[in-house]
S.K.: 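Handing you a structure now.
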Amino acid sequence: MVTVLIMILFPFVCAALIPLLYRRLRRVAHLGWFVLSVPIILFLLLARYIPQIAEGKVFIHTYEWIPSFDINFTTYLDGLSMIFALLITGVGSLVILYSIFYLSTKESLHHFYCYLLLFMGAMLGVVFSDNLMVLYTFWELTSVSSFLLIAFWHHRKASRAGARKAMTITVFGGLAMLAGFLMLYVSAGTFSIREIVANVEVIRDHTLFIPALLLILMGAFTKSAQFPFHIWLPDAMEAPTPVSAYLHSATMVKAGIYIVARFSPVFGGEAIWFWLVSGVGLVTLFWGSFNAVRQTDLKALLAYSTVSQLGLIMSLFGLGSVGHYFGYAESSILYTQASFAALFHLINHSTFKGALFMMVGIVDHEVGTRDVRRLGGLMALMPVTFTIAVIGGFSMAGLPPFNGFLSKEMFFTAVLAIRDVEAFSIADMGLLFPILAWVASIFTFVYSMILIGRTFFGKLKPDKIDKKPHEAPVGMLISPIVLCLFVVGIFFFPNVLGHYILEPAMASIYPTFPSASELTPHIHAWHGFNAELLMTFGVVIVGVILFKTFDKWKPLYRVFSQKYAFNTYYNRMIEFGENSSITLTKRYMTGNLTHYFVYIYVFFVALIAGYFIWSEAFAFNFAQDSAVESYELILVFVMMFAAVWMLFAKGRVTAMLLNGVLGYSIAFFFVIFRAPDLALTQLVVESVTTALFLLSFKYLPDVMPEIARKRVKWSNAVLSIFVGATVTLVGLAVVHYDKFKPVSLYFNDAYELAGGSNIVNTILGDFRAFDTMLEVVVLLIAGLGVYTLTKLKPRKEEADHENQ
């Protein structure tokens with residue numbers, strides 16, 4: 001379907017137009033109003049296909065990109081990609097609307113919205129791509145664009161550091177995932193995810209199957225801030241609040257979740273996949289919720305809560321992978337419902353967490369601080385913001401009547417059901433699943449109450465805040481209110497979402513199961529008095545006690561010394577890498593040109609000559625060589641004489657003339673070997689370069705005699721001999737090597753292969769076209785740089801305005 005391809009490219013095109021239209025648009029209205037139309041249009045386009053996707057239809061379109069390498073731009077719209085695309089465009093619309101009122105017009109808005117649209121297009125590319133290489137391209141583009149967004153306030157040291165950490169960890173994971181994708185290609189013989197899923201039984205026995213699984217999970221875990229890679233997410237909170245609400249609650253951090261869900265049909269049913277996905281998810285859930293309680297910055301609290309909630313979703317997909325092990329059976333439906341709960345909570349989390357991020361942004365914007373130690377008593381002064389906090393916070397805590405309660409109950413059902421699974425040795429450790437889930441849910445309740453209670457209840461502290469608190473403008477409240485309406489609406493009408501959105505996504509995760517409707521449970525707010533409800537009662541009771549007595553048990557966190565924190569180890573690793581690289585660089589970057597040549601030539605001789613000796617490629621057979629004529633010997637001796645004399649020349653002009661002798665002698669050899677076009681090119685180039693060098697060096701002072709010890713001179717002489725001998729022997733070996741057909745035989749068919757009668761021109765223009773294209777690209781980039789420096793300067797009136 002071409003529409004999906006257009007939806008991916010549309011944000012990129014609009015992002016490219018922003019720098020060109022910014023100066024005109026800002027005089028008419030806020031730039032955000034024009035950018036807002038992009039996600040709204042995309043959301044409406046996607047909404048048109050919801051009924052068809054709900055009926056089980058899938059839309060595929062292939063644009064041939066590099067077919068010779070099986071890399072095609074294939075877009076794939078199914079139930080799973082529909083969920084993420086709706087979140088990307090829907091939440092993106094609300095975030096842009098929120099940013100219009102949040103960001104000052106004095107900010108660099110054209111940069112902000114350009115980066116935001118780049119990220120939106122990259123995320124759509126990730127969820128719509130069927131080709132692994134195309135998916136990886138968009139995957140890394142999300143890292144680059146998120147780096148730019150996190151570092152938007154680049155004048156802040158913390159913003160730059162947070163952006164670097166996020167990019168370092170996510171790009172590292174992305175490279176690991178790329179290796180996994182390549183292993184999958186070797187195993188399956190295709191880059192198409194659909195074809196890999198269809199042939200999964202063939203590739204399960206391949207030796208690269210498990211390594212590919214581990215590397216792909218590495219990419220998913222780093223992007224979705226799973227333990228122990230979660231450390232980048234709290235530091236990324238230095239980004240503007242609209243960025244946090246978009247990237248770190250609804251989109252970027254969900255990319256790893258998408259990868260796990262998309263590849264569940266491939267790796268689901270493997271014990272290592274189950275234990276890693278569910279185990280890492282549960283540990284992340286607990287560790288994130290435990291650390292969220294100790295935070296005093298509201299955005300830091302939400303950051304760790306996001307880590308925790310992402311762990312919950314990840315663990316559910318791990319539990320749901322058991323359904324692939326058993327296959328389609330009535331008994332396995334119980335386990336597939338864990339994946340349904342994961343998809344359900346994925347949407348719920350995006351709604352309540354997006355609203356909470358915006359709420360915190362409002363508090364920071366109107367009060368001037370996010371520190372809970374300085375806040376309190378805002379309920380009467382900011383009633384609408386308080387209502388948003390209650391709805392979002394109670395939903396995050398898993399309380400009714402909010403959507404988080406429904407998916408949290410399904411989470412409890414999944415961890416209780418997994419105890420009875422007779423596979424993967426779960427029975428030995430099955431009890432840990434509900435225990436960890438319950439304890440983490442208690443801490444989730446506690447930090448939700450801290451978010452609400454410490455901010456809005458208690459007494460106002462006017463001496464500790466920078467501004468007089470007041471309610472935010474209506475425009476800033478619209479977006480979180482809309483998200484809160486979804487939080488409440490989904491609770492009362494969950495099965496509308498279940499039928500039209502979640503059911504087709506389940507069909508994507510379990511493509512071998514005959515009916516997705518059987519995998520989609522009917523969602524009830526009331527299931528009677530059961531174990532799940534008792535666990536919820538326990539969460540509330542214990543959570544209230546811990547919240548009320550927080551000051552008494554807070555010293556417990558001192559046991560976890562920052563000396564052993566993951567951030568400390570990360571900083572030590574970065575510091576060690578920087579110090580090691582500086583030490584190594586100082587050793588070889590001496591400022592002496594001779595040393596650099598020595599490094600290059602030693603490496604050259606060791607690599608080339610060493611490989612030829614090791615592979616026994618030095619093979620010579622002079623029997624069939626043609627006779628050497630006397631004039632050829634004369635040219636050789638002339639070149640030898642010029643080369644040796646050049647070493648002892650005392651003036652630059654003399655050295656350049658001798659260098660010209662070498663160049664012209666090579667041209668004569670081209671004539672002798674019947675290559676007149678090469679000879680003509682060599683003569684022209686040699687004449688021009690010799691004339692230019694002579695003109696340049698004529699006015700320079702004479703060459704100063706180099707003072708060097710005899711040992712250095714002899715070592716340089718020996719190295720020069722080795723380099724010359726290596727080049728000579730390699731040339732002779734190539735001529736006499738008969739184990740492979742010469743490449744020239746292929747180029748002899750240049751006319752038939754490329755339609756060119758001149759072999760040299762054909763090699764340059766066709767066979768070597770990719771290299772030539774890159775050379776042209778380098779020239780283009782250099783030209784654009786020169787044009788930018790000379791032409792795109794601020795106008796005089798703009799410069800005067802900025803100085804004022």
Side-chain angles (χ1 to χ4, degrees), residues 227 230 233-234 237 282-309 311-312 352-353 356-357 359-360 363-364 367 369-380 382 385-386 388-399 402 404-405 408 435-465 469 535-567:
F227 183 90
H230 64 282
L233 187 57
M237 290 300 117
L282 280 174
V283 172
T284 304
L285 166 64
F286 168 77
W287 190 247
S289 61
F290 178 72
N291 280 278
V293 175
R294 69 190 299 182
Q295 303 305 314
T296 56
D297 185 299
L298 290 179
K299 282 189 73 175
L301 186 152
L302 288 181
Y304 278 101
S305 74
T306 300
V307 170
S308 176
Q309 297 293 310
L312 186 154
F352 66 68
K353 187 57 65 67
L356 289 174
F357 267 116
M359 179 274 296
V360 170
V363 172
D364 188 21
V367 182
T369 182
R370 302 191 304 259
D371 193 335
V372 294
R373 295 168 298 186
R374 301 167 61 187
L375 294 171
L378 298 179
M379 179 176 61
M382 307 175 70
T385 305
F386 167 70
I388 294 170
V390 168
I391 294 174
F394 282 7
S395 181
M396 183 165 62
L399 301 178
F402 308 108
F405 170 77
K408 186 263 300 177
I435 292 175
L436 274 175
W438 187 71
V439 173
S441 297
I442 292 174
F443 285 112
T444 300
F445 182 89
V446 174
Y447 69 66
S448 299
M449 295 306 102
I450 290 175
L451 178 69
I452 301 169
R454 298 290 177 87
T455 305
F456 295 95
F457 290 94
K459 295 182 180 180
L460 185 67
K461 304 171 185 176
D463 56 322
K464 294 184 178 182
I465 55 180
M535 291 175 72
T536 300
F537 285 150
V539 166
V540 174
I541 294 171
V542 178
V544 169
I545 296 173
L546 291 180
F547 174 67
K548 291 293 185 180
T549 61
F550 178 64
D551 291 334
K552 295 182 179 179
W553 62 271
K554 183 170 62 174
L556 173 66
Y557 286 102
R558 297 175 185 171
V559 176
F560 301 91
S561 173
Q562 291 299 314
K563 181 180 178 181
Y564 304 105
F566 289 102
N567 268 314

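When a residue number appears, it is its place in the shown sequence, counting from 1. For the numbers below, each heavy atom of this structure counts, side chains included, while hydrogens, waters and symmetry mates do not.
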S.K.: Answer yes or no: is there a donor N or O on one side and an acceptor on the other, between the side chain of W287 and the main chain of F227, under 3.5 Å?
M.R.: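 Answer holds: no.
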
S.K.: T536 vs K408, test: side-chain hydrogen bond (donor to acceptor under 3.5 Å, both in side chains). Steps then yes/no.
M.R.: CA-CA 9 Å; T536 300; K408 186 263 300 177; 2.5 Å; yes

S.K.: Answer yes or no: is there a side-chain heavy-atom contact under 4.5 Å between R294 and F550?
M.R.: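 A side-chain contact is absent here, since even the closest heavy-atom pair is not under 4.5 Å.
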
S.K.: With a cut-off of 6.0 Å (strictly less than), are more than 12 heavy atoms of other residues, nucleotides or ligands near NZ of K548?
M.R.: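 Incorrect, the count does not exceed 12.
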
S.K.: Only one of V367, T369, T296 clears side chain to side chain contact (heavy atoms under 4.5 Å, CB included) with R374; which?
M.R.: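 When V367, T369, T296 are each tested with R374, the side chain to side chain contact (heavy atoms under 4.5 Å, CB included) holds only for T369.
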
S.K.: Just by distance, do the side chain of K353 and the backbone of M396 share a donor-acceptor pair under 3.5 Å?
M.R.: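 No, because the side chain of K353 does not come within donor-acceptor range (under 3.5 Å) of the backbone of M396.
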
S.K.: How long is the span from the CD1 atom in I465 to the CG atom in D371, to the nearest 0.5 Å?
M.R.: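 It is 12.0 Å, given to the nearest 0.5 Å.
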
S.K.: Quick one: OG1 on T306 to NZ on K299, what's the gap to the nearest 0.5 Å?
M.R.: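 Between T306 OG1 and K299 NZ, I get 10.5 Å after rounding to 0.5 Å.
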
S.K.: Can F405 and L399 be said to form a side-chain contact (heavy atoms from CB on, under 4.5 Å), step by step?
M.R.: CA-CA 5 Å; F405 170 77; L399 301 178; 5.6 Å; no

S.K.: Indicate the atoms forming the closest heavy-atom contact of Y447 with Q309, along with that distance.
M.R.: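 Scanning both residues completely, I find the closest heavy atoms to be OH-NE2, 3.4 Å.
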
S.K.: Please tell me if the side chains of F394 and M449 come closer than 4.5 Å, counting only heavy atoms from C-beta onward.
M.R.: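 Yes. Closest side-chain heavy atoms under 4.5 Å.
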
S.K.: Looking at G392 and F352, what are the two nearest heavy atoms and their distance?
M.R.: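 Nearest heavy atoms, G392 then F352: O-CB, 3.8 Å.
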
S.K.: Measure across F456 and A389 and return the closest heavy-atom pair with its distance rounded to 0.1 Å.
M.R.: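 Distance-wise, the nearest heavy atoms are CE1-CB, 3.4 Å.
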
S.K.: If you measure from OG1 on T455 to CZ on F386, what distance do you get to the nearest 0.5 Å?
M.R.: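 Spacing of OG1 (T455) from CZ (F386) equals 10.5 Å.
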
S.K.: List the atom of A303, the atom of P234, and the distance in Å for their closest heavy-atom pair.
M.R.: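 Looking at all heavy atoms of both residues, the closest pair is CB-CA, 3.7 Å.
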
S.K.: So, for I388 and L356, which heavy atoms are closest and what is the spacing to 0.1 Å?
M.R.: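 Of all heavy-atom pairs spanning I388 and L356, the closest is O-CD2, 4.4 Å.
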
S.K.: Judged by atom type as modelled, is there a donor-acceptor pair below 3.5 Å linking the side chain of R370 to the main-chain atoms of D364?
M.R.: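 Here the side-chain-to-backbone pair does not exist.
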
S.K.: With no hydrogens and no angle check, is any side-chain donor or acceptor of Y557 less than 3.5 Å from a backbone partner on F290?
M.R.: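 Yes, the answer is positive, given that a donor and an acceptor are paired below the 3.5 Å cut-off.
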
S.K.: Report yes or no: does S308 contribute a side-chain atom to a donor-acceptor pair with the main-chain N or O of Y304 at less than 3.5 Å?
M.R.: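 Not at all, since once roles are kept as given, no pair shorter than 3.5 Å links the two residues.
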
S.K.: Under the criterion side-chain contact (heavy atoms from CB on, under 4.5 Å), I'd like the reasoning laid out for F445 against L546: C-alpha separation, chi angles, the key distance, then a yes or no.
M.R.: CA-CA 10 Å; F445 182 89; L546 291 180; over 6 Å; no

S.K.: State, to 0.1 Å, how close S395 and G404 come at their nearest heavy-atom pair, and which atoms those are.
M.R.: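 Taking S395 first and G404 second, the nearest heavy atoms are OG-N, 3.0 Å.
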
S.K.: How many angstroms lie between CZ in F286 and OG1 in T444, if you round to the nearest 0.5 Å?
M.R.: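 The OG1 atom of T444 is 10.5 Å from CZ of F286, to the nearest 0.5 Å.
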
S.K.: Nearest 0.5 Å please: distance from the CG atom of L451 over to the CE atom of M359.
M.R.: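 Nearest 0.5 Å value for the CG-CE distance: 4.0 Å.
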
S.K.: Within this structure, what is the CZ-CZ distance for the pair R454 and R373, rounded to the nearest 0.5 Å?
M.R.: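 Rounded to the nearest 0.5 Å, the CZ-CZ separation comes out at 11.0 Å.
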
S.K.: Hey, is the main chain of L285 close enough, under 3.5 Å, to the side chain of S289 for a donor-acceptor pair?
M.R.: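 Yes, S289 side chain to L285 backbone: donor-acceptor pair under 3.5 Å.
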
S.K.: For D463 and K461, what are the C-alpha separation, side-chain angles and deciding distance, and is it a side-chain contact (heavy atoms from CB on, under 4.5 Å)?
M.R.: CA-CA 6 Å; D463 56 322; K461 304 171 185 176; 4.1 Å; yes

S.K.: Begin from the C-alpha positions of F547 and I450 and carry the test side-chain contact (heavy atoms from CB on, under 4.5 Å) through to its verdict.
M.R.: CA-CA 7 Å; F547 174 67; I450 290 175; 3.9 Å; yes

